[in-house]
Colleague: 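Below is one structure. I have some questions about it.
Below, chains carry the letters A, B, ... as their sequence lines are ordered, and counting in each starts from 1. No hydrogens, no waters, no symmetry mates; every other heavy atom, side chains included, goes into these values.
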Number of protein chains: 4
Amino acid sequence: MAGREIELIPRMKGQGYGPEQVARRRAWVEERTGARLAQVGATLYAGPELRGNIENPIGAVQVPLGVAGPLLVEGERARGLFYLPMATTEGALVRSYERGMVALTRSGGATARIASEENRVCPVFPFPDVARAADFARGLPRHFPALQTAADATTRHGRLVAVEPYPVGRAVIVNFRYTTADAHGMNMIVKATEAACRWLVAHAGAERYLILSGMSGEKRASGWLLPGGKGRKVTAGALLPRAVARAVLHADPAEIEDAWHHSVVGHLMAGALGHNAHLANGLAAFFIACGQDVANVANSAVGITHFERTGEGDLYASLTLPSLTVATVGGGTGLPTAVECLSVLGCRGGGKAGKLAEIVAAALLAGELSMAAAIASGEFVAAHETYGRNRPAAG
Amino acid sequence: MAGREIELIPRMKGQGYGPEQVARRRAWVEERTGARLAQVGATLYAGPELRGNIENPIGAVQVPLGVAGPLLVEGERARGLFYLPMATTEGALVRSYERGMVALTRSGGATARIASEENRVCPVFPFPDVARAADFARGLPRHFPALQTAADATTRHGRLVAVEPYPVGRAVIVNFRYTTADAHGMNMIVKATEAACRWLVAHAGAERYLILSGMSGEKRASGWLLPGGKGRKVTAGALLPRAVARAVLHADPAEIEDAWHHSVVGHLMAGALGHNAHLANGLAAFFIACGQDVANVANSAVGITHFERTGEGDLYASLTLPSLTVATVGGGTGLPTAVECLSVLGCRGGGKAGKLAEIVAAALLAGELSMAAAIASGEFVAAHETYGRNRPAAG
Amino acid sequence: MAGREIELIPRMKGQGYGPEQVARRRAWVEERTGARLAQVGATLYAGPELRGNIENPIGAVQVPLGVAGPLLVEGERARGLFYLPMATTEGALVRSYERGMVALTRSGGATARIASEENRVCPVFPFPDVARAADFARGLPRHFPALQTAADATTRHGRLVAVEPYPVGRAVIVNFRYTTADAHGMNMIVKATEAACRWLVAHAGAERYLILSGMSGEKRASGWLLPGGKGRKVTAGALLPRAVARAVLHADPAEIEDAWHHSVVGHLMAGALGHNAHLANGLAAFFIACGQDVANVANSAVGITHFERTGEGDLYASLTLPSLTVATVGGGTGLPTAVECLSVLGCRGGGKAGKLAEIVAAALLAGELSMAAAIASGEFVAAHETYGRNRPAAG
Amino acid sequence: MAGREIELIPRMKGQGYGPEQVARRRAWVEERTGARLAQVGATLYAGPELRGNIENPIGAVQVPLGVAGPLLVEGERARGLFYLPMATTEGALVRSYERGMVALTRSGGATARIASEENRVCPVFPFPDVARAADFARGLPRHFPALQTAADATTRHGRLVAVEPYPVGRAVIVNFRYTTADAHGMNMIVKATEAACRWLVAHAGAERYLILSGMSGEKRASGWLLPGGKGRKVTAGALLPRAVARAVLHADPAEIEDAWHHSVVGHLMAGALGHNAHLANGLAAFFIACGQDVANVANSAVGITHFERTGEGDLYASLTLPSLTVATVGGGTGLPTAVECLSVLGCRGGGKAGKLAEIVAAALLAGELSMAAAIASGEFVAAHETYGRNRPAAG
């Protein structure tokens, strides 16, 4: 291809966010590829409001939206009954979550608690040898006030709350920990961290840095997320009376615990991180609906589901999410359908990210319960036969 | 709540897929929550075609769609220049992938190869003791023809190609491996596996089974995906001349390799599975655009990116994806905007899933290159400042 | 130091295995370091028989040896009562294992089964690009007969049983799987694999190879060991009546299961591989006693312990060891004290490695039970107070 | 066996540590098993000094001891030339480490630095629901002074330095972090932690606890060890001039880096924790020689080896050990041959554990270099042929 003419996507004035520019670009793609893009073009988005969310816009894709509930949440920021918007194309998913929500609600609701709210960036500082790396790591704590000044000057919403050095060979990875209010805030804190890194080069003996080392766990599954966290650490739990489990979920607590035993062993055999039934399903559906960064499913789906039969024969179900990255401002949260979905949850705008985290954690617990019960009861395949096919099913 | 009245989402005739039913349900949600759902209701979907993709439908969410390219792919099923639809709300993402695609294309394109195409289900068979579990595991291979008959009778497109027993304590997990043509096919093969499990209970001494053990790695990150695979195992690679790397990516191969070194160590420190820059970003954007099951980002994002400076000072970049789950039939691939996005790639319908896998692998490699180069060159933050904000940027 | 004189350890004729040479070397070390090595010199080893086990010999260290039992094993190769030699310096360890053995024996013994017996080497073959790597991987299966001929020509005891290619980027890692009879056989199979690699360079398009890639899991903990195995895959299990658990282990099955639940979650939180109480303790003690390669504790300790309360309130305990590397010939198994310890188990010499594996698996299960019960009952600290201190304890 | 007579190992007065009692027990084992235990009985250990290190003593096993060096260490506590005792039965091991040590020494020595010195215990506190677990976790920090008082009252050498709560579902795992001076100190800190746990039950709303959760990583490989640590976190590094690499290790820095690249990918494919060539080999040999707890090889072998070719064509080699558990007092460090081996290193008794850690880290780096170079140069098999066989080799 070197030497051959490569036809770049047309560059347009102001990055081409005007409606007419979007249409022109879409037509250009149609011409090059032979595809018809009428549906993609039938979009709500007039254009300019997409700036900051997408480049080279040609329209929008539409993802089916369903609703599941009611879900009774007993959190500290979310309290009451909720109906949850879920955007998915996987048949049976909404029905399955709905079933778990009804079971939780009939059991008195799911409790949710947030243990920490932080986001992280982990740049790496190379040195010529391990001695200098060790010196840098040892000296870091005393620079914290200066780093906080440098970092916080770049942002109104983020605040640097801790720095932790990890010497590795002749380099030092530093974990910069921030609060980010209601934004996921990666752009915000990466920028703040760059300011801090520059300070360290200018004043603290650092020679250079790479702004990301991969250690933070952003958009990837890693074991450190479980103890270390990223975003919000949330737990959710509920005590299901045996009668509710049997009536709504068609499985006895003993059967669900037994399925959990076998599933834990399956996870251990596969070298999975954490243990859960299908967190990624619910996360993807909520994230698409609510304008979250969907790639964060990779880290948010690392969690631990736990089912314990109590001495009385009931079921205590719990879920631990160390890295739930949800936001109610920034990113895609301001797009038209996202705004509406967040409104359904009473989670639109500032001050609502914690509430959203509690609701999502409770909802994911519902999904875990429903899936585990379907496996335990042997109904899993039948349920997918009923709902997962493109044909009428018995109402 | 026990005792209090819980208001369920209204049940409707035929599951309520008619346009009027969808509108009624949407109005019901508006009434309960106070949200306005006008944009959610402004959807392409008339209703009934959603059956099998969603329950309790209330409309659709719209996700901004951009296009990146050109990407020259030298695969076995995908050959030529491609322009890729990406649905995302993360600013700078499309531009970053586009930059990597241009670099690959100017370097002569990315080669892609598929090493295997399989999907898997891993039920677990409990026994009273380890001796009986061992007996069952040892006897399994001779039942393969009967299992194949039982499983394949349930499906036109799936075919059981192997069964592998894994004794764990007094249970045996069995890996049922299938080919599934152009579908992801989880529903298909879970149903087939259930038929096989029933056969084993009836004829081979199994006492009972749980249809899923978590070992298969569906929609979760697990270490076994790397050697074991799920979906398609694909590799992609390209040799970037030093001049292209410097001109397009603003980084020298030596700098990119150095960044890789440090990033690998960061991944090892965090206990990450595999190593990559941001596979989840591209995967989420392609999956949403093309009607894939987005929750599969969790397994598909487990992969290994590798950058090696050659003796001549150029860069060999490669990517190994052990669990790329893409489909061109079934699931959400038939929805209106998905059909159009698949058409842009020439990947609509039967016989095209392998082609799609090669294109996606090459595209992800582009994203890996662009991100690694941005980190190596120090331009990462600046790029996000330019594109990741909701405000005009210099054209 | 460059330029300064570095005093190397004296080189001696024939590598210096004669008793007088060993004494001279020992004296040399004493002189250089000021240490007195009288006890190290008070050794059984005359000298020459150490060739192949150690270089630069200066004597021997002595590790205290205790005995634990009786352990009733119901294996396929090991049947009956055994008393196990354990070499350790950790107080309370022998007593703890003994307690578990008594519990197992009073419960009717531990069943043990071997699922596979293989050892593995995973060389890597680099290629210029992914296309050539893919070609090589695809072509590998048809070369199996030739590879088997090449490999097996180098060894009397090893036999190549399978080769599996794993393309990663522009390289291919190949898993060479062997049976090795009663030896651990790493030297044997690495040599055989080198012969096979040379054949692949000469006849199959390989350009070069690195004989080890780290993928095999030899002497390291890796997740792939659990499904993949290395050495012997063994399961052991036993049903403990509630009365035995309470009388011997001082814990109810419900308490032990509860402790298991919490411990599994602790392992998941830490990103541990598998789950177990303290396999490494027993493995180290048996391996030192029986002349095994002690570094193999790293892989052998990857396993899964499982405790399940039965419907009747009893306890089913099981253990899954995917990578138990034991040998009865080769390595240190011929050294004087090792020969005696193997004799105590009736496992000296050829044909006995499988038997040894079954005994060790059953013994490790005993240790798992005893430790879990001590944690569940709250006696853990008290037990270590009694036995783990260098002072008289109440008899 | 229930009902049959089980012959227990004879119980003796004062646990049976007298020489005559040991002989009687040994004779009893001989009689029961038919084994002759003359060599096991030819031991330095008279008996009573074994109390606290072993139960049911019958003698000792002897492990061949070699010496490797010289190793120039430039640590903060260890400085100068060292000759290292290594107890192993694996031929070629001592020679390989010696080669690496010579290479390091000719390059000016290995630098070593300790980043932290702590040991950990992670009990788990179950609660009835997630709300109460969250309350407990939130309240924990304010109890730290009282916990420190309770814990430190039980020990002269350990000191509680931090407590960190990790809510998981309806339980809370608490990481109790201690300094333990020159002891490994597990018994010490488990006892101290039990006192702290009792305080929490009495005064802070805890209902019960299990003293170990598995999260600490003691004697097991877990991902959290890498960021979290256990024992000593140590880094070691050295710059090897190209000429030294070629002359002593027979490999060019470019070849060693290339081998590292491929090995890292092999580790990633296998889901290994960290990356290294064969840390377990050296660790086992040093631990057996120096009276360390050999089962700690499982956690100590989790580490990261890194080889980087410099711009000048030399090699920077480094090693990161997050969990090196070495001691110079307690455990087996006082046994006769261990005392001598520690004396060889100038590490006998109090105040020397940090020095020992630096020496061991530098020595392990030597082993990593030698092994990597043998793989890179293609000499690996030949070296094992020369040294790993029970027959004379060319001097």
Side-chain angles (χ1 to χ4, degrees), chain A residues 115-116 215 217 220-230 233-235 237 252-277 279 299 301-313 315-323 368, chain C residues 115-116 215 217 220-230 233-235 237 252-277 279 299 301-313 315-323 368:
Chain A
S116 73
M215 190 171 166
R220 71 195 74 241
S222 70
W224 193 35
L225 290 171
L226 283 156
K230 184 176 209 309
K233 280 192 183 183
V234 195
T235 50
D252 192 272
E255 293 171 317
I256 294 175
E257 190 189 62
D258 172 75
W260 182 84
H261 271 234
H262 286 95
S263 177
V264 160
V265 170
H267 279 72
L268 292 173
M269 283 294 286
L273 299 174
H275 167 270
N276 64 78
L279 292 179
N299 51 288
V302 174
I304 298 176
T305 300
H306 198 175
F307 297 124
E308 300 162 273
R309 183 176 33 152
T310 68
E312 294 72 35
L315 182 74
Y316 198 87
S318 63
L319 175 59
T320 306
L321 297 170
S323 178
E368 295 295 287
Chain C
S116 74
M215 189 171 166
R220 74 196 70 239
S222 71
W224 193 35
L225 290 171
L226 283 156
K230 185 175 210 307
K233 278 192 185 184
V234 194
T235 50
D252 193 272
E255 295 170 316
I256 295 175
E257 190 189 60
D258 172 76
W260 182 84
H261 272 232
H262 286 97
S263 176
V264 160
V265 170
H267 279 72
L268 293 173
M269 283 294 287
L273 299 174
H275 167 269
N276 63 77
L279 292 179
N299 52 288
V302 175
I304 298 176
T305 300
H306 199 175
F307 297 125
E308 300 162 275
R309 183 175 33 151
T310 67
E312 294 73 35
L315 183 73
Y316 198 87
S318 63
L319 176 59
T320 306
L321 297 170
S323 178
E368 295 294 287

Colleague: With a 4.5 Å limit on heavy-atom distance, are the side chains of A/His262 and C/Glu308 in contact?
Modeller: yes
Colleague: Where do A/Leu226 and C/Leu268 come nearest, in terms of heavy atoms and distance?
Modeller: CD1-O, 3.3 Å
Colleague: Does any heavy atom of chain A fall under 4.5 Å from the side chain of C/Val265, the backbone, both, or neither of them?
Modeller: both
Colleague: Sort C/Leu273 into side chain, backbone, both or neither according to what part of it lies under 4.5 angstrom from a heavy atom of chain A.
Modeller: neither
Colleague: Begin from the C-alpha positions of C/His261 and A/Arg309 and carry the test side chain to side chain contact (heavy atoms under 4.5 Å, CB included) through to its verdict.
Modeller: CA-CA 11 Å; C/His261 272 232; A/Arg309 183 176 33 152; over 6 Å; no
Colleague: Among C/Ser222, C/Ala270, C/Pro227, single out the residue with the greatest number of heavy-atom pairs under 4.5 Å to chain A.
Modeller: C/Pro227
Colleague: Where does C/Trp224 contact chain A at under 4.5 Å (heavy atoms): side chain, backbone, both or neither?
Modeller: neither
Colleague: Run the side-chain contact (heavy atoms from CB on, under 4.5 Å) test against C/Glu255 and tell me which residues pass, sequence neighbours left out.
Modeller: C/Ala251, C/Asp252, C/Ala376
